[in-house]
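First up is the structure itself, then whatever we jot down about it.
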2 protein chains.
Amino acid sequence: MALSEFRPLDEKSLIEYIKATPSLSSKIGDRYDDLEIKEVGDGNLNFVYVVVGASGSFVIKQALPYIRCIGEAWPMTKERAYFEAVALKEHGGLCPEHVPELYHFDRTMSLIGMRYLEPPHIILRKGLIAGIEYPFLAEHMSEYMAKTLFFTSLLYRSTTEHKRAVAEFCGNEELCRHTGKVVFSDPYKVSEYNCWTSPYLDHDAEAVREDNKLKLEVAELKSKFCERAQALIHGDLHTGSVMVTHDSTQVIDPEFAFYGPMGFDIGAFIGNLILAFFAQNGHADQGNDRKIYKEWILKTIEDTWNLFHQKFSALWDEHKDGSGEAYLPAIYNNPELQKLIVEKYMKELFHDTLGFGAAKMIRRIVGVAHVEDFESIREASIRADCERRALELAKTLLKKRREFLSIAEVISAVRHVQS
Amino acid sequence: MALSEFRPLDEKSLIEYIKATPSLSSKIGDRYDDLEIKEVGDGNLNFVYVVVGASGSFVIKQALPYIRCIGEAWPMTKERAYFEAVALKEHGGLCPEHVPELYHFDRTMSLIGMRYLEPPHIILRKGLIAGIEYPFLAEHMSEYMAKTLFFTSLLYRSTTEHKRAVAEFCGNEELCRHTGKVVFSDPYKVSEYNCWTSPYLDHDAEAVREDNKLKLEVAELKSKFCERAQALIHGDLHTGSVMVTHDSTQVIDPEFAFYGPMGFDIGAFIGNLILAFFAQNGHADQGNDRKIYKEWILKTIEDTWNLFHQKFSALWDEHKDGSGEAYLPAIYNNPELQKLIVEKYMKELFHDTLGFGAAKMIRRIVGVAHVEDFESIREASIRADCERRALELAKTLLKKRREFLSIAEVISAVRHVQS
């Protein structure tokens, strides 16, 4: 067994691997007789094994050199596991409360060993479909985003640290390229993997492809995505990348991480909450019309942005005399000016958030890889109605994002489209 | 003599070096009896030797690990020679008419061998001070900028090529950091190396440090400079980095090259032409009031932008169905939309150009490293008057850049401040 070569593991060879890896075998007290191993990778990309023994547990995630949900027809570098491990470690160091601990990384094997998020942890998206309220979600996610984005930006870092880190994550090019394609390009042209609820949304999909103003704006966002190294972003922060219980919120799967625009993360999360909102009508039944739940989602969207704004600004204020090189204290150390720069920065970030969030919504309705929020609505005509409303809102947000002055105005727009 | 170690050369050891380097010795037919060597480095950073033999010539440029004009007190990596060589090669490949040929590069020695730009080539800045018209200057510089910027951007490149190149030039961090400091920070705070024509401009320098609106805007430009990898820019494209004769225009010294915002290059060139314009009153004498020459400078500024716009747009049109990933042909291939995206792109680039150009002007008046255009005006009160007008215009351009809709409006503003 050559340890220096990549090989895909199965449940049997995984045990041999664990035995040979102290950082893993020690987690389960080196006992194999009662070991339970289950493949649970329901995501789009990787193989994921849950390993539970009498005295401990962990998760093994292995990247294969293609996209799992599509197959070998869509190759994708297994080096993504390296960037996932680096991002897990970096974001985990900055916000350990909301990032699962990394136990082990094997670059040759593209293999990560990490904390098993034991039940009742479930994927947030499934919780949103089930209509479960998470009272700490906005608080936790805003905390995660504020810390990971602030501390990896030039508001905190020196340009020297920044350039070094940017250079490293340029190596995750293939995954950035994939995002660029599926989010900013495919939905706006005829593309092999695009799909939508047909025939209901045929005209809507066509309208997206023929909307010049929309395509003009999405190009600006794509440039920002490709060119602007603002912070180490998660890169795929939808509600399927978050695991939750009533009081725990854990962000997983940062394999798309790179130095990009902060609004791409915040927008991904908020955009997917808006999708969850518009899907609720499809999940309503006689026992639960979901009206109260929809209000909770809207409140969570509003709180997420407002708390993010508050926490991010507070971190900035706390570290305004630090080593961050974007705003040197010798230039910006007066309260009036400090207020102006924060306002200007947060306004641009808000508009980025709306633009990127909208682009992520559109891609989930007329592009490749849809979301379970809508896919689980069996009746196509109902699903299409939900999707059409979400699409309409997304188009408005993307094209008119600079006209929105607060998240409350966004919520009003959501209500307007829903009614 | 260990060849694997860096050592600063002098005129004597340089001959030994040439003898041991075929790519150089062959240029002069391997003949040393009639060799003339002259140190001519009048720039701020490096040692430059002109080597002329009976059958050929070249220039040797060696970077030392500090800034020459300040000395060992301001260290700066000699690795800059590597990035200069890479940029010379890359830009030279794209625009050989206006970039001198690279003959030799030695990374260990931080040493470049390149074409000697023989007389009557002079530094453009000196020509502008002398009042010499260069009828092809706008044509040539717009050609150089259009080609080097277009072909290294995502309008032409794939994201894969782009990320690889961005990562490499992240290594030139120390020089970027230096620019960030002297252009975007030092003039806006009290700083050891800042100087200005005192006491005349004492209040003006103080006003720059206390102008909140100006500091707010310069922060946005600094972020763009640090974060936006739009194209491989020269990074220091002032009129001292251009050598000219009546019909030749050669861009030299790209040691500050990195992937940054295009407007930083275009702005540097145009901003320095505006400085040259405002300095003319200080060079006027009874024989020449410089009125006609000032009109030529204004015409050159206007032509530079307009020709750049035309050439850049033409390259875009020519390659719009190519491999550039910013605007995929399948999405943007309709004439109306193509027109809209070019307009939007060029409008933002124009405003970047004005902002960066203005920042470069301000730094030359109240920051470190002034320009000979002003320094050569002996009478301090006259010099201060010229500088004050340039500073006033620069502040307007920086703060109100988005209100300017054409280069003609910029020229009007220049005339207004001059009158």
Side-chain angles (χ1 to χ4, degrees), chain A residues 153-154 158-174 176-177 180-181 184-186 188-191 209-210 212-213 215-220 222-224 226-231 258-259 261 325-334 336-337 340-341 343-345 348, chain B residues 153-154 158-174 176-177 180-181 184-186 188-191 209-210 212-213 215-220 222-224 226-231 258-259 261 325-334 336-337 340-341 343-345 348:
Chain A
S153 78
L154 283 168
S158 72
T159 52
T160 308
E161 297 165 311
H162 182 73
K163 286 264 189 229
R164 190 209 51 74
V166 169
E168 170 157 37
F169 276 92
C170 277
N172 206 15
E173 179 278 322
E174 208 174 303
C176 293
R177 184 185 168 87
K181 177 175 158 52
F184 302 105
S185 299
D186 284 353
Y188 305 92
K189 65 187 183 68
V190 174
S191 177
R209 294 195 299 270
E210 292 181 355
N212 280 358
K213 169 76 173 148
K215 297 202 284 187
L216 194 64
E217 291 297 336
V218 90
E220 180 178 327
K222 185 177 183 178
S223 287
K224 222 170 215 180
C226 293
E227 295 173 351
R228 185 161 187 202
Q230 194 178 19
F258 77 113
Y259 276 76
E325 284 192 68
Y327 299 86
L328 299 184
I331 304 174
Y332 295 96
N333 64 352
N334 82 62
E336 188 198 341
L337 184 54
L340 288 174
I341 60 176
E343 273 171 12
K344 185 168 154 74
Y345 194 99
E348 194 195 338
Chain B
S153 78
L154 284 168
S158 72
T159 52
T160 308
E161 298 165 311
H162 182 74
K163 286 262 189 233
R164 189 208 51 76
V166 170
E168 169 156 39
F169 276 92
C170 277
N172 206 15
E173 179 276 323
E174 208 176 301
C176 293
R177 185 187 168 87
K181 178 175 156 53
F184 302 105
S185 298
D186 284 353
Y188 305 91
K189 64 188 184 69
V190 174
S191 177
R209 294 195 298 270
E210 291 181 355
N212 280 358
K213 170 74 173 149
K215 297 202 282 186
L216 195 64
E217 291 298 335
V218 90
E220 181 178 325
K222 184 176 185 180
S223 286
K224 223 170 214 178
C226 293
E227 294 174 350
R228 184 158 187 206
Q230 195 178 20
F258 77 112
Y259 276 77
E325 285 193 68
Y327 299 86
L328 299 184
I331 304 175
Y332 296 96
N333 64 352
N334 83 63
E336 187 197 342
L337 185 52
L340 288 173
I341 59 176
E343 273 170 12
K344 185 169 154 73
Y345 195 99
E348 195 195 337

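All chains are named by letter (A, B, ...) in the order of the sequence lines, taking the proteins before the strands, and each is independently numbered beginning at 1. Atom set for the values below is all heavy atoms of this structure, side chains included, hydrogens, waters and symmetry mates excluded.
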Side chain, backbone, both or neither: which part of [X] has a heavy atom under 4.5 Å from chain B?
X	answer
A:Leu328	side chain
A:Lys222	side chain
A:Asn172	neither
A:Tyr327	side chain

Short N-O contact, A:Lys224 and B:Glu348, less than 4.0 angstrom: no
For B:Arg177, the salt bridge (charged side-chain N to carboxylate O under 4.0 Å, His left out) test, sequence neighbours excluded, returns A:Glu325
Please identify, among [options], the residue contributing the most non-hydrogen atom pairs under 4.5 Å to chain A.
options	result
B:Asn212, B:Val218, B:Ile341, B:Leu340	B:Asn212
B:Tyr188, B:Tyr332, B:Tyr345	B:Tyr332
B:Arg228, B:Glu173, B:Glu336	B:Glu173

Between A:His162 and A:Tyr259, which heavy-atom pair has the shortest distance, and what is it? CE1-CD2, 4.1 Å
Any chance you could lay out the side-chain contact (heavy atoms from CB on, under 4.5 Å) test for A:Glu220 and A:Glu217, step after step, and finish with the verdict? CA-CA 5 Å; A:Glu220 180 178 327; A:Glu217 291 297 336; 3.9 Å; yes
Within a strict 4.5 Å, meaning less than it, do heavy atoms of the B:Ser223 and A:Leu154 side chains meet? no
State which residues pass ring pair (Phe, Tyr, Trp, His ring centres under 6.0 Å) with B:Phe258; sequence neighbours excluded, sorted by chain then number. B:Phe225
Option in A:Gln230, A:Lys189, A:Lys344 with maximal non-hydrogen atom pairs under 4.5 Å from chain B: A:Lys344
